[in-house]
Amino acid sequence: MPAPSLALRLTALYVCTNLVLLGVLAWVQHRTLAADLAQEDDQLLLETLAAATRGLAIGDSTILPLSALGPWVREVSADCRVLSGPNLPLGPPPSCTSITGSAPMFRTWRSPAGRIWRIASVAPARRGGRTREVLLDRWTDEQTLRRYRGELLLALPLAFLLSAMMGYAVARGGLAPLRLLAERMGTIRLESSNHPAHMPRGPAELQTVTESFDVMLERLRTGHARLAQFASELAHELRTPVHVMRQQAEVALLADRSPEEYREALRSTLEELDDLQRLIEDTLFLAKAEDPGVGLERRSLVVRAELQDVAEYLEPVAGEKGVSLAIEVPGRLALEADRMLLRRALVNLVTNAIGHTPNGGKITLRGAETDEAIVIQVEDTGEGIPPADLPKVFDRHFRGASVKSGVPVGAGLGLSIVQEIIRLHGGTVEVASELARGTCVTLTIPRSVPSR
C-alpha cells in the first residue's frame, strides 16, 4: 500500500489542528455563556431579594414575579414550611435549616420534573424567624445552552469539510514549487553543464535543497568526468603492454626459434605481465582510496625505524645504480599512521628518486616535527623535474620523461598513490625541484587524527 502523499498529510494535520482549536474555542465559549447566564440570574435574584426585603420591611407583602418563570418570593418557617408566597409545584421546599449568617446563600435545586431552579436565601434576623427566599426557574437558560450546543454540532462538521477543502487547496498550492523542482530534477542529465534545479524565485526552504542538489550534481559530474578520463587513460596504459606481448608472441611464432630465443621471449612477456600486474594493483588501490569508508590501522610508529627499514629494503636497487641512501632524523620522532600504507608511500618515493638519480648521487630521508604535524622528506640529487611538468606530477598516468633520455619512466601512478595515502592520513604532499640539482618531496602528516 503506497504511503499517502505529502499534500494529504498536510491536509490531515491542518484539519486536525483546526478541529482541536475550534473544539477548544467552542468549549470556552460554552463555558463563558453558561457562566454569564448564571451570573445574570444570581444578580437578578440578589436584586429581587433586596427589593423583597425592603417591601416587607414597610408592610407590603405582595411581591409580583417579573416573568412567568420568576423570580418568585416566599417565606419559609424554621421547620421549612412555606408561610407566604406563590403556591408553586416545587414539592417540599429545600432545606432551610442550614441557612445561617446575614449574607445571601445561593443553591441550585432540580425538581422531580427535571426543571432546574436557582434559589437565593437569607437567614431570619432572629432565632425561629422566617427565612426569606427568591426562586428562579432556569428553563430559558437551559434552552439557550441547548440551542447553542445544537448549533455547534452542526457547525463543527461544516467546519471540518471547509477545513479539509481549504487545507488541501493550501497544501497543493504550497507544494507547487516542490512539484516544479521534481520535474526539473527529472530532466537532469550528467552530460548537461547547466543547473536545472536552480529556482531563483522559489521559497527559502527549497533554496537550500536546490543548492545542496546542485552541489551534489556538480560532484557527480566531476566524478563522471574523472571516471571517463580515468577509463580512457587506463585503456591507453593497458593497450601498450598487451600490444608488446602480442607482438613478441607473433614474432616468436613466425619461425622456429632456439630454446634460448623462446626463453627470452617468455622473459620479456613476464616482465610486461609484472608491469601490468603492478598497474592493475595501483589502479585498484587508487579506486579504493577514494571511498570515504576506507579505514586506517593507525599505530604509533618510530620515524627513524620506518625510514631505516625502507632504506634497507631498497639498498640493493640503489647500490646497483651507484646511489647512496642517508637518514637524518632527530631523536625518537614518532607519529600515528598506518604502517603498510606509509611504507608503500615511502617506497614509491625512494624508488622514483632512484630512477631519476644518476650514478654517484645521493638520496636523503629526513624526519622533523612541528607543533601540529610530523614532516618527512625524500630529497635526491638527481636530474630534477622540468618546470612545465611540475604541476602535473600528481596526475594519474602522467609519466615524466627523463631529462637525459627523453623516455617516459614508470606507469605514472607512483606519486598519485603517495598523494592518496597521505590524504587518507589527513596530510599534504609538496614537491620542489630544480633541474640538474634534484627534487625534494615533503610529506606533512598531522599529529591528531582528522575526522573524515
Could you give me the CA-CA distance, side-chain angles and deciding distance for Asp274 and Leu270, then say whether side-chain contact (heavy atoms from CB on, under 4.5 Å) is met? CA-CA 6 Å; Asp274 289 339; Leu270 185 59; 4.2 Å; yes
Do other residues, nucleotides or ligands put more than 12 heavy atoms under 6.0 Å from [X] [atom1]?
X      : atom1 : result
Arg437 : CZ    : no
Met216 : CE    : yes
Glu312 : CD    : yes
Gln39  : CD    : no
Arg172 : CZ    : no
Glu372 : CD    : no
Tyr313 : OH    : no

Only distances under 3.5 Å count here; give the side-chain donor-acceptor pairs of residues 357-364 to other protein atoms, sequence neighbours excluded, each with its distance to 0.1 Å.
| from | atom 1 | to | atom 2 | distance (Å) |
| --- | --- | --- | --- | --- |
| Thr357 | OG1 | Ala353 | O | 2.5 |

Can you tell me how far apart [atom1] ([X]) and [atom2] ([Y]) are? Round to the nearest 0.5 Å.
X      : Y      : atom1 : atom2 : answer
Arg115 : Asp137 : CZ    : CG    : 4.0 Å
His30  : Tyr148 : NE2   : OH    : 7.5 Å
Leu33  : Thr144 : CG    : OG1   : 7.0 Å

side-chain contact (heavy atoms from CB on, under 4.5 Å) for Phe160 and Leu22? Distances and angles first, verdict last. CA-CA 10 Å; Phe160 173 81; Leu22 290 176; over 6 Å; no
Check [Y] with [X], please: is the shortest side-chain N to carboxylate O separation under 4.0 Å?
X      : Y      : answer
Arg246 : Glu250 : yes
Arg118 : Asp41  : no
Asp309 : Arg339 : yes

Quick check: closest heavy atoms across [X] and [Y], and the distance to 0.1 Å?
X      : Y      : result
Gly367 : Pro330 : O-CD, 3.0 Å
Leu46  : Pro104 : CD2-CG, 3.8 Å
Leu45  : Ala120 : CB-CB, 3.9 Å
Ala345 : Val418 : O-CG2, 3.6 Å

Measure the shortest side-chain to side-chain distance between [X] and [Y] over non-hydrogen atoms and say whether it is less than 4.5 angstrom.
X      : Y      : answer
Ser433 : Val393 : no
Val441 : Glu430 : no
Phe106 : Ile119 : no
Val317 : Thr351 : no
Met245 : Leu273 : yes
Leu307 : Val329 : yes
Val431 : Leu390 : yes
Leu335 : Arg447 : no

Counterpart residues, salt bridge (Lys or Arg N to Asp or Glu O under 4.0 Å), relative to Arg267 (two or more places apart): Glu264
side-chain contact (heavy atoms from CB on, under 4.5 Å) between Ile376 and Arg366, intermediate numbers included: CA-CA 6 Å; Ile376 298 177; Arg366 296 191 181 94; over 6 Å; no
Could you walk me through whether Gln377 and Leu443 satisfy the side-chain contact (heavy atoms from CB on, under 4.5 Å) test, starting with their C-alpha distance in whole Å, then the side-chain angles of each, then the deciding distance to 0.1 Å, before giving a yes or no? CA-CA 6 Å; Gln377 290 182 329; Leu443 312 180; over 6 Å; no
Under a plain distance cut-off of 3.5 Å, with no hydrogens placed, do Ser268 and Gln248 share a side-chain donor-acceptor pair? yes
Answer yes if the side chains of Ser121 and Arg107 hold a donor-acceptor pair under 3.5 Å, and no otherwise. yes
Between Glu261 and Ser258 (side chain of the first, backbone of the second, donor and acceptor by atom type, cut-off under 3.5 Å), is there such a pair? yes
Side-chain (Ser416) to main-chain (Phe394) donor-acceptor, under 3.5 angstrom: yes
Could you point out which residue of Gln419, His425, Glu420 forms a side-chain hydrogen bond (donor to acceptor under 3.5 Å, both in side chains) with Arg423? Glu420
